[in-house]
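Take a look at the structure below.
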Amino acid sequence: MGLDLKPLLVREKTQLESFTNKVVAIDAYNAIYQFLAIIRGPEGLHLTDSQGRVTSHITGLLFRNINFLTMGIKPVYVFDGKPPSLKSAEIEKRKQIKKEATVKYEKAISAGDMEDARKYAQQTTSMRDGMVEDSKKLLDLFGIPHIQAPSEGEATAASLTITGQAFASASQDFDSILFGAKRLVRNFTNSGRRKLPNRNSYIEVLPEMIEFQKNLDSMGLTRQELVDTGILIGTDFNPDGFERVGPKTAIKMIKQHKRLEDIPQIQEQLEQIPFDQIRKIFLEPEVAKIDKIEFGETDYEGIVKYLSEERDFSKDRVETSMNRLKKSLEKKSQTLDQFF
DNA sequence: CAAGGATA
DNA sequence: TATCCTTGG
């Protein structure tokens, strides 16, 4: 599960419109994963093409990017590279959860409980061969740039906000803040409704902005202290955190003692944790250095062709959406022309 | 998730 | 017209 910084952060409601003309570095895995988890048929199975290849992530990317481009938002997708070796415990943990979810899914199916089936199917979500390639191919057709991070994608996304090449980084995970992202935007989508895990009740989910400096100020911490606070709570690199330490206790400890080494009550546990290496992952992350982010032209026909001919999307449906995008951009450039 | 038809 | 519900592949 990610890092539970939520209770400590100032999160401000925002809207997609305030990102017009801004470059936003999107955590590609995070976005694709979300699509894979949520875009499913009635029994919890993915959408697929006639060859049985999953297409849920492509559907998600198609419509979301149409919306971004329509609004003049400039998305840049950042893909994960090789995870730091310290992440292996967390990765193993996630695998185990998926394994258990698979069993529960099958049980729910044979019991005929479709609601449960869906729930557990979502938890089995995993990235398969080809999905990254599919996604990159679609982005290329859109003319949307994508960046390969050497290691954690969030680290590279954060660095783009620091160099000023991106206005914000978009992800659901709070790790971005430890990586120093100037702005993190969560729920970077415009559909407000999201169903609660349990019942058929819905809640409004709006984009929210988390500003780095504002948060350091409000917490009264330096970035180093924030990273130590994160380690106390538990990061992907020490997923279990510390016993009986949650967000509130963590920040209290750091405020009082400033650094992990100086908190008396955790010294025994601290010996088991490579905290210095974890600090380094967040404070001196390995990131891609990018000269200039280049946006290309959208190949409208190419997108229709790829999706309808190769992935069995309805040609009509894709065409309608692409035409709407084209029209809206033409209109925009016309009003701009009139201006000059 | 996002679109679009159904519904009131 | 605004919200609900189903569908997409």
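A quick note: this is a predicted structure, and the numbers were derived from the prediction, not measured. Sequence lines set the chain letters: A, B, ... in the order given, protein chains first and strands last, and positions in each chain run from 1.
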For DNA chain B, which residues in residues 55-64 of chain A have a heavy atom at a distance below 4.0 Å? A:F63, A:R64
From CZ of A:F68 across to P of B:dC1 the rounded distance in Å is 12 Å
Please list, one pair per line, the donor and acceptor atoms closer than 3.5 Å that link side chains of residues 240-251 of chain A to other protein atoms, with sequence neighbours excluded.
{"unit_1": "A:D240", "atom_1": "OD1", "unit_2": "A:K93", "atom_2": "NZ", "d": "3.4"}

What nucleic acid atoms does A:S321 come within less than 4.0 Å of, heavy atoms only: base, sugar-phosphate, or nothing? nothing
Exactly one of A:T48, A:D134, A:T55 should register a side-chain hydrogen bond (donor to acceptor under 3.5 Å, both in side chains) with A:R311. Which one does? A:D134
Given atom CZ of A:R118 and atom C1' of C:dT6, what is their separation to the nearest angstrom? 11 Å
Round to a whole Å and report the spacing from CG of A:N67 to C1' of B:dA2. 7 Å
Interatomic distance, A:E43 CD vs C:dT7 P [rounded to whole Å]: 13 Å
Value in whole Å for how far the P atom of C:dG9 lies from CD of A:E310: 15 Å
Ignoring the backbone of A:T189, work out which of B:dG4, B:dA2, C:dG9 is nearest its side chain. B:dA2
Test item: side-chain donor near acceptor, A:Q213 and A:D217, under 3.5 Å: yes
What is the separation between atom CD on A:E319 and atom C1' on B:dA3, rounded to the nearest whole Å? 16 Å
Give every donor-acceptor pair under 3.5 Å between a side-chain atom in residues 285-300 of chain A and any protein atom, sequence neighbours left out.
{"unit_1": "A:T298", "atom_1": "OG1", "unit_2": "A:F142", "atom_2": "O", "d": "2.8"}
{"unit_1": "A:D299", "atom_1": "OD1", "unit_2": "A:G302", "atom_2": "N", "d": "2.7"}

Ring centroids only, cut at 6.0 angstrom: are A:F19 and A:F188 within range, meaning strictly under it? yes
Among C:dG9, B:dC1, B:dG4, find the nucleotide with the atom closest to the side chain of A:T320. B:dG4
To the nearest angstrom, the CG-P distance between A:L36 and C:dG9 comes to 16 Å
Check the distance between B:dG4's C1' and A:D316's CG and give it to me in whole angstrom. 13 Å
Under a 3.5 Å threshold, yes or no: a donor from one side chain and an acceptor from the other, between A:Q148 and A:D80? no
Partner of A:L36 under side-chain contact (heavy atoms from CB on, under 4.5 Å), picked from A:I38, A:I39, A:I32, is A:I32
Under 4.0 Å from OP1 or OP2 of B:dA2: is there any side-chain N or O of A:R40 that close? no
